[in-house]
Amino acid sequence: MSTFAFLGAGEFEQWHGEVDLRLLDGRDGRALVLATASAREGEAVFDGWVTKGLAHYEALGVPAHAPALRTRADADDPSVVGALDDAALVFFSGGNPAYLASVLAGSLFWEVLQRRVAEGATAYAGCSAGVAVLSDPTFDSDADDPEQIWKPGLGYFPEVLFAPHWDVVEDWIPGAHEFIAASAPPGGSLIAIDEDTAIVGDGTSWDVVGRGQVAIFEGGAWGEPMTAGDVFSKPLSNGGVATAG
């Protein structure tokens, strides 16, 4: 059975441990720490996320590894792809969703990862960019012009637009809530996830974990906000392998 966790922000903090242990229950193997989305921010930032992620899993008693997945070429490198062979969990930390999509789309790494997730061998988890990348389009967090913010995503869940950092994004960019909600796919949904909050599930049934709220916008209206302990049904259709963006 496929298993997913989508975090609005706050990866590798204490609250996140509960999410990881749920994903790893019944699975043997390593956790892969993938800081790919931050690769364009420089080595110090990239290495900082890797170090924090490895320390997080060490504290949980979970073996972990950080493959050198920075570029599109890396995503076809057999030594990087081979890290998936014994991966019980992959975790994509934050950064630029559009850049992460450009690295993964059409790659061997993404192809193998999707297959392992479908088989139930590897759980998929992501925070911020690691969540938003699954939509198509996704956000280019380096864009200054709102007209340029949408870039190709992976389209793994083509009928959904994920919006992490929901409780703070309006402070960053006034009007962002309305702008993002208006960009939800026709006939589809927007799933808004606050910081330090996650949804964990199998692609159909989901639990809310963390301090904040999760809300779903569809059919032109918002549903009731959900908080920790709430369970909801939201089947997400899988769009399959994305082509290179």
Side-chain angles (χ1 to χ4, degrees), residues 1-26 56 89-94 97 117 123-139 141 153-239:
M1 180 177 67
S2 299
T3 309
F4 307 94
F6 304 142
L7 287 64
E11 67 268 62
F12 310 139
E13 301 295 339
Q14 185 172 0
W15 76 276
H16 176 197
E18 174 189 347
V19 174
D20 285 317
L21 294 177
R22 288 183 57 180
L23 297 180
L24 290 164
D25 186 28
H56 168 80
L89 165 68
V90 298
F91 192 93
F92 287 96
S93 55
V117 170
Y124 180 100
C127 182
S128 187
V131 180
V133 71
L134 300 175
S135 305
D136 187 23
T138 191
F139 306 90
S141 55
L154 294 177
Y156 186 75
F157 296 121
E159 297 174 357
V160 175
L161 180 64
F162 289 100
H165 302 282
W166 192 249
D167 52 336
V168 299
V169 71
E170 189 76 15
D171 295 332
W172 297 344
I173 308 172
H177 281 176
E178 182 178 357
F179 174 78
I180 295 171
S183 303
S189 306
L190 168 69
I191 299 181
I193 308 172
D194 286 352
E195 295 195 337
D196 298 336
T197 308
I199 60 172
V200 184
D202 61 4
T204 297
S205 179
W206 304 90
D207 298 347
V208 180
V209 179
R211 67 167 176 81
Q213 297 183 336
V214 174
I216 299 177
F217 179 83
E218 55 190 356
W222 285 100
E224 288 294 319
M226 295 169 284
T227 57
D230 286 340
V231 179
F232 65 98
S233 177
K234 179 60 182 174
L236 303 182
S237 61
N238 188 317

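In this chain, residues are counted from 1 in sequence order. All of these numbers come straight from a predicted model, not from anything done at the bench.
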Note, T197 side chain near W166 side chain (heavy atom, < 4.5 Å):
no
Test W206 against V214 for side-chain contact (heavy atoms from CB on, under 4.5 Å), laying out the working first.
CA-CA 11 Å; W206 304 90; V214 174; over 6 Å; no
How far apart are the closest heavy atoms of G10 and D196, and which atoms are they?
CA-OD1, 3.4 Å
Evaluate the side-chain proximity of S2 to V117: yes if any heavy-atom separation is below 4.5 Å, no if none is.
yes
About how many Å separate OG of S93 and NE2 of H56, when rounded to the nearest 0.5 Å?
11.5 Å
Do H177 and W222 come within less than 4.5 Å of each other through their side chains, counting heavy atoms only?
no
To check you understand the geometry: which heavy-atom pair defines the closest contact between A9 and E195, and what is its length?
CB-CG, 3.4 Å
Close side-chain approach of F92 to V133, heavy-atom, < 4.5 Å
no
To the nearest 0.5 Å, how far apart are CG in L161 and CZ in F217?
11.0 Å
How would you list all residue pairs meeting salt bridge (Lys or Arg N to Asp or Glu O under 4.0 Å) that involve residues 214-232, not counting sequence neighbours?
E218-K234
Closest non-hydrogen atom pair, G8 against C127
C-SG, 4.3 Å
side-chain contact (heavy atoms from CB on, under 4.5 Å) between F232 and M226: does it pass, once the steps are laid out?
CA-CA 9 Å; F232 65 98; M226 295 169 284; 3.4 Å; yes
Could you tell me the separation between the CZ atom of F162 and the CD1 atom of I180, rounded to the nearest 0.5 Å?
14.0 Å
Distance check, rounded to the nearest 0.5 Å: Q213 atom CD versus I193 atom CD1?
12.5 Å
Side-chain heavy-atom pair R22, V209 within 4.5 angstrom cut-off
yes
When rounded to the nearest 0.5 Å, the distance separating OG of S135 from OH of Y156 is 13.0 Å
Student check: side-chain heavy atoms of L7 and P164 closer than 4.5 Å
no
Can you list the residues that meet the side chain to side chain contact (heavy atoms under 4.5 Å, CB included) rule with A123, with sequence neighbours excluded?
T3, L23, R27, L89
Side chains of L236 and I191 in contact at under 4.5 Å (non-hydrogen atoms)
yes
What about H165 and F139, are their ring centers closer than 6.0 Å?
no
Correct closest heavy-atom pair for A163 and L190 would be CB-CD1, 3.6 Å
Is there a donor-acceptor pair closer than 3.5 Å between any side-chain N or O of T138 and the backbone N or O of L134?
no
Indicate the ring-plane relationship of F157 and F6, choosing parallel, tilted or perpendicular according to the 30° and 60° boundaries.
perpendicular
Side-chain (E159) to main-chain (S237) donor-acceptor, under 3.5 angstrom
no
Scanning both residues in full, the closest heavy-atom pair of S189 with I216 reads CB-CG2, 4.2 Å
Which value, rounded to the nearest 0.5 Å, describes the distance between F91 atom CZ and D20 atom CG?
7.0 Å
So which atom in G153 and which in D136 form the shortest heavy-atom distance, rounded to 0.1 Å?
N-OD1, 2.9 Å
